[in-house]
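What follows is a single structure, written as structure tokens, with notes after it.
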Number of protein chains: 2
Amino acid sequence: MPRPKSHSRENLLDSALKAFWKIGYHVVSMGDLVRETGVSRAGIYSDFNGKEDLFHACLDRYQETVVTPAFAPVEAEGADIDSIETYLNNLLTRFEKSGGFGVGCLVGNTLTQIPEDAVETRQKLRAHCDRLTAGFHKVLTHESDDHGLLTPAEIGELARYTMISVQGIWSYSRLTEDVAELRAASDMLIRVLKSQLRGAPR
Amino acid sequence: MPRPKSHSRENLLDSALKAFWKIGYHVVSMGDLVRETGVSRAGIYSDFNGKEDLFHACLDRYQETVVTPAFAPVEAEGADIDSIETYLNNLLTRFEKSGGFGVGCLVGNTLTQIPEDAVETRQKLRAHCDRLTAGFHKVLTHESDDHGLLTPAEIGELARYTMISVQGIWSYSRLTEDVAELRAASDMLIRVLKSQLRGAPR
DNA sequence: CTTGTTTTAGAATGATCGTTCTTTTACATC
DNA sequence: GATGTAAAAGAACGATCATTCTAAAACAAG
């Protein structure tokens with residue numbers, strides 16, 4: 001009977017995810033990962049086929065343990081613009097708890113460094129962006145039904161625009177220590193969405 | 001009398017800039033730079049105090065040779081929202097000429113990987129963001145004078161929001177090959193600015 | 001405690017990193 | 001062409017990378 005591993009795959013992934021997220025895929029070393037995860041080199045290599053494979057697993061883990069809970073309000077049944085605001089507030093709270101500079105979004109951090117030929121990685125990043133866009137799209141469609149100011153094509157464009165703006169906010173969170181700057185941007189995005197959907201209230 | 005170098009500092013910087021921009025600071029190696037710039041190792045090290053110093057010089061060069069011309073419409077006297085549109089079209093054109101995936105913005109690419117203690121680098125990235133924000137701010141102030149819908153504080157927030165959205169667009173350009181997606185986002189941003197400034201037209 | 005198995009810590013490996021050094025080459029001046 | 005000087009080419013260096021291997025430790029079962 002095989003002896004169970006002393007480390008759990010989940011804990012390994014969570015620690016590695018944290019390191020990749022904060023430091024970046026290329027800069028973090030296997031030595032860093034051994035130290036941060038507390039798992040031996042052999043332990044890591046017995047669970048994963050090398051660094052890239054571990055990273056891909058971390059991208060999946062990121063979806064499950066970070067995006068899913070944070071984005072849940074938007075993906076929930078009957079979500080509306082306030083749900084998007086809740087989602088953004090979740091991220092602002094995460095930023096505040098981190099103290100100092102933020103770590104941004106693992107996906108956004110990665111895509112600015114992705115080589116042309118990293119097909120599988122790019123695919124995962126795109127899936128994340130499409131997931132966010134789809135979440136926003138559903139909300140915007142639902143909201144638009146009540147007002148009818150936008151065409152379906154415009155809703156699609158606004159949804160992707162929202163995703164892009166959110167990515168921008170989290171990029172910028174690596175550069176500022178001031179949550180007020182991020183909150184202002186977040187509030188502005190919400191205001192923009194409301195005004196696009198419902199016609200300029202102010 | 002010292003013999004002049006066969007390579008010019010400008011050409012060296014331009015080639016290194018291209019490599020850093022496309023591949024990223026950490027991933028590009030000195031060997032890559034020697035190959036891409038056509039300048040010998042000794043030549044590079046005689047002009048710069050190592051890789052980081054060269055990179056900082058490239059960040060400055062990026063401002064001079066990329067940002068200044070592209071952003072000129074916005075920083076010009078009497079610039080208006082159409083100038084921002086012209087700026088965004090400049091970037092879309094750059095994307096189209098590149099073929100395939102874009103390279104994004106050197107600053108945006110860098111800030112997602114910057115270590116906590118890279119003070120000088122962070123300072124340059126912030127300066128870039130502040131420059132963009134200031135350019136947008138001037139335009140929005142000018143435009144707002146004609147309509148007066150926004151408070152000065154709101155104009156400041158809208159300016160930074162604009163900068164953040166633009167960064168988001170260029171981040172995303174590394175993930176898509178479809179210029180239409182980027183154009184839609186760019187158009188959406190312009191529409192948003194107009195509607196925030198002038199009250200919702202549609 | 002002994003035996004068998006599995007994980008562990010960490011040494012070894014070959015590649016590559018940024019940087020330096022040495023040799024060769026190329027040019028200016030006589 | 002000969003001589004002196006500076007740049008170019010690339011070998012060399014120590015550090016570190018991802019990965020593999022080895023040997024010791026830790027546990028389960030008898």
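Protein chains get the first letters and strands the later ones, always in sequence-line order, with residue 1 at the start of each.
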What side chain to side chain donor-acceptor pair (under 3.5 Å) pairs are there with at least one residue in [range], not counting sequence neighbours?
range                       : result
residues 102-115 of chain B : A:T112-B:T112
residues 59-83 of chain A   : A:D14-A:R61, A:D60-A:K124, A:Q63-A:H128, A:Q63-A:R131, A:T68-A:R131, A:E75-A:R131, A:D80-A:S83
residues 30-40 of chain A   : A:S29-A:D32, A:D32-A:R35

Selection residues 23-43 of chain A - residue pairs positive for ring pair (Phe, Tyr, Trp, His ring centres under 6.0 Å), sequence neighbours left out: A:F20-A:Y25, A:Y25-A:F55
Of all residues at least two apart in sequence or in a different chain, which pass the side-chain contact (heavy atoms from CB on, under 4.5 Å) check with A:L175? A:Y172, B:L111, B:R122, B:L125, B:R126, B:C129
Toss me the dot-bracket line for DNA chain C: Watson-Crick and G-U wobble, both under 3.5 Å, 5' to 3', using | for pairs to another strand and [ ] for crossers. ||||||||||||||||||||||||||||||
Please name all residues satisfying side chain to side chain donor-acceptor pair (under 3.5 Å) with A:D130, sequence neighbours left out, ordered by chain then number. none
Nucleotide by nucleotide, nucleotides 15-20 of chain D touches protein heavy atoms under 4.0 Å in the pattern (B base, S sugar-phosphate only, - none) --SSBB
Residue list, ring-ring contact (aromatic ring centres under 6.0 Å, His included) with A:F71, at least two apart or on another chain: A:Y87, A:F136
